[in-house]
> 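Have a look at the structure that comes next, please.
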There are 2 protein chains.
Amino acid sequence: MQSRSTSQNGQGERPLRADAQRNYDLLVAAADAGFTEHGAEASLEDIARRAGVGIGTLYRHFPTREALLAKVLDDSIAAMVARATELESVTPASAALTTWLESMIGHATTYSGLSKALAAALAGTCTELGNSCQAMTTAGARLLARAQAAGELRDDADIKDLLMAVQAAAWASEQLADPDAAQRMLTMVLDGLRVDAAPRRAPARRRIR
Amino acid sequence: MQSRSTSQNGQGERPLRADAQRNYDLLVAAADAGFTEHGAEASLEDIARRAGVGIGTLYRHFPTREALLAKVLDDSIAAMVARATELESVTPASAALTTWLESMIGHATTYSGLSKALAAALAGTCTELGNSCQAMTTAGARLLARAQAAGELRDDADIKDLLMAVQAAAWASEQLADPDAAQRMLTMVLDGLRVDAAPRRAPARRRIR
DNA sequence: ACCTGAACACCGTTCAAGT
DNA sequence: ACCTGAACACCGTTCAAGT
């Protein structure tokens, strides 16, 4: 998945020298391959090797593993944001949100260990990946607000918790090596958020410690 | 938390030579301290150093990190199983399950990274920790069955999924550095499992792709 | 029986030296 | 301006040599 609009580092930075741009692109491609094969914790040395570049060059372009990850995910995250926008015209609103969250699971399981990186970024880190996640959060918040306005989902549902639940479900699925587990967990969570499920906190007969 | 019944390696193995038993105990204590301070991924070399023992001795007694973790968790896991048994006499049954799962969150957050180890063990590894988790699963299954028999929780709720959801919630909480997040996630899941929440799969007006 | 620690094969990260 | 790779400080794991 390296269909980057052509190559280009970022979309607004000063142009790189030709050889530097080439190394940059080789690194992104190698990282995508490395992450796919060995997960988000793939060896950076190995990625540099694959790219045919010194390890120092990798660090020069991407001072942290997270920066490299953010660049590799650029396209797919933009796609997730776009998908949310499309879904804003779908009814019922809660179904649109469900559909979107399901594709988020697909995204978070692109390669192993990604859910952890995304969870950290969602937690509000001020990093490239954090910014990308912020965009997803905003997009998701609109879908959630629609479902709440339609009276379909509980008002106390929170988009951040929901997105973390998606990462948690993806993570659990990975640990279990069971691709269906994530979907099951998400369904449990969403079932708990429907409004007709709201006003009963517990069978509430007796209170226990 | 090293209140091991005295020392004793396991409870049915052949006795160790006095010096070996001493090293064994030192290692367990050092591991507990190390895991508490640096998480379940704490350096094994550091643990051996703390115990004042060669790294080879650590590997002789505990051939894998998981074996060491299992021994360190022995007491607390036994306590969780006992707690489940106590709770079998509490009503309503679903509240008893909820209470137990909440203490499971506490247990899974004893130190960082523990939820991952427990998730792997719950996934059905044939290891010491896997066996301990099997005992917890059995204990939990009884609490869940009670709540289902009482008609309080959906029949399609599964104890393995539920215990994985607990680990996932603990994990998310850890990533967010928000101790309350796990409780919130668990509540969402449990809300989705109540019987009065069962027969509505979605607002079901229109079907979207 | 048990312990030790050197040895090996890996990491991530930095930085002086090059072009 | 950019690249390289040696250097450093860490790992986990094994195993020959000791007692």
Side-chain angles (χ1 to χ4, degrees), chain A residues 7-10 13-31 33-35 37-72 112-113 116-117 120 127-129, chain B residues 7-10 13-31 33-35 37-72 112-113 116-117 120 127-129:
Chain A
S7 25
Q8 283 289 60
N9 68 94
E13 289 120 46
R14 78 192 178 320
L16 291 176
R17 217 169 64 178
D19 59 338
Q21 179 70 57
R22 180 172 151 71
N23 282 339
Y24 183 97
D25 294 339
L26 286 172
L27 278 167
V28 175
F35 291 152
E37 258 182 59
H38 303 114
E41 306 285 353
S43 155
L44 295 179
E45 272 179 340
D46 186 56
I47 288 173
R49 244 190 316 265
R50 272 174 196 258
V53 145
I55 182 65
T57 302
L58 185 152
Y59 275 93
R60 157 168 270 261
H61 287 296
F62 305 100
T64 70
R65 159 179 252 110
E66 215 240 10
L68 184 50
L69 199 50
K71 185 62 198 170
V72 168
S112 71
K116 175 160 182 159
T127 61
E128 288 96 332
L129 194 53
Chain B
S7 24
Q8 284 290 59
N9 69 92
E13 289 121 45
R14 77 190 180 320
L16 291 175
R17 218 169 63 178
D19 59 337
Q21 178 70 58
R22 181 173 151 71
N23 282 340
Y24 183 97
D25 295 338
L26 286 171
L27 279 167
V28 175
F35 290 151
E37 258 182 59
H38 303 114
E41 306 284 353
S43 155
L44 295 179
E45 271 180 340
D46 185 55
I47 288 174
R49 244 188 316 265
R50 273 174 195 258
V53 144
I55 183 66
T57 302
L58 185 151
Y59 274 93
R60 156 168 272 259
H61 287 297
F62 304 99
T64 70
R65 160 180 252 113
E66 215 239 11
L68 185 50
L69 199 50
K71 185 62 197 172
V72 168
S112 71
K116 174 158 184 165
T127 62
E128 288 94 332
L129 194 54

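Computed over heavy atoms, backbone and side chain alike; hydrogens, waters and symmetry mates excluded. Since we're looking at a predicted model, the values are computed, not measured. In what follows, every chain begins at residue 1, and chains take the letters A, B, ... in the order their sequences are listed.
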> Provide the closest heavy-atom pair for A:I55 versus A:A48 in the form atom of the first, atom of the second, distance.
CA-CB, 4.0 Å

> Could you pull out all residues at least two apart from B:T57 that satisfy side-chain contact (heavy atoms from CB on, under 4.5 Å)?
B:N23, B:L27, B:V53, B:H61

> Apply side-chain contact (heavy atoms from CB on, under 4.5 Å) to B:E41 and list each qualifying residue two or more places apart in sequence or on a separate chain.
B:R65

> Please name all residues satisfying side-chain contact (heavy atoms from CB on, under 4.5 Å) with A:R50, sequence neighbours left out, ordered by chain then number.
A:A30, A:A33, A:E37, A:H38, A:D46

> Of the listed nucleotides (C:dC2, D:dC2, D:dT4), which one gets closest to any side-chain atom of A:T57?
D:dT4

> On a heavy-atom basis, which atom in A:L129 and which in A:A70 lie closest, and how many Å separate them?
N-CB, 3.6 Å

> Output the rounded distance in Å from OH (B:Y24) to P (C:dA1).
18 Å

> Could you write nucleotides 6-19 of chain C as a row of B, S and -, 5' to 3', where a protein heavy atom under 4.0 Å of any base atom gives B, of only sugar-phosphate atoms gives S, and otherwise -?
B----SBBBB----

> So, for B:F35 and B:A42, which heavy atoms are closest and what is the spacing to 0.1 Å?
CD2-CB, 4.1 Å

> Strictly below 4.0 Å: does A:N23 bring a side-chain N or O up to OP1 or OP2 of D:dC3?
yes

> Who passes side-chain hydrogen bond (donor to acceptor under 3.5 Å, both in side chains) against A:E128, sequence neighbours left out?
none

> Whole angstroms only, please: what is the CZ-C1' distance between A:R60 and D:dA1?
6 Å

> Send over the distance from B:L27 CG to C:dT4 C1', rounded to a whole Å.
13 Å

> What are the two closest non-hydrogen atoms of A:T127 and A:E66, and how far apart are they?
OG1-OE2, 2.7 Å

> Fill in the dot-bracket string of DNA chain C, one character per base: . for unpaired, | for a pair to another strand, ( ) or [ ] for pairs within the strand, taking Watson-Crick or G-U pairs under 3.5 Å.
||.|||||...|||||.||

> Closer than 4.0 Å, any side-chain N/O of B:H61 to the OP1 or OP2 of C:dC2?
no

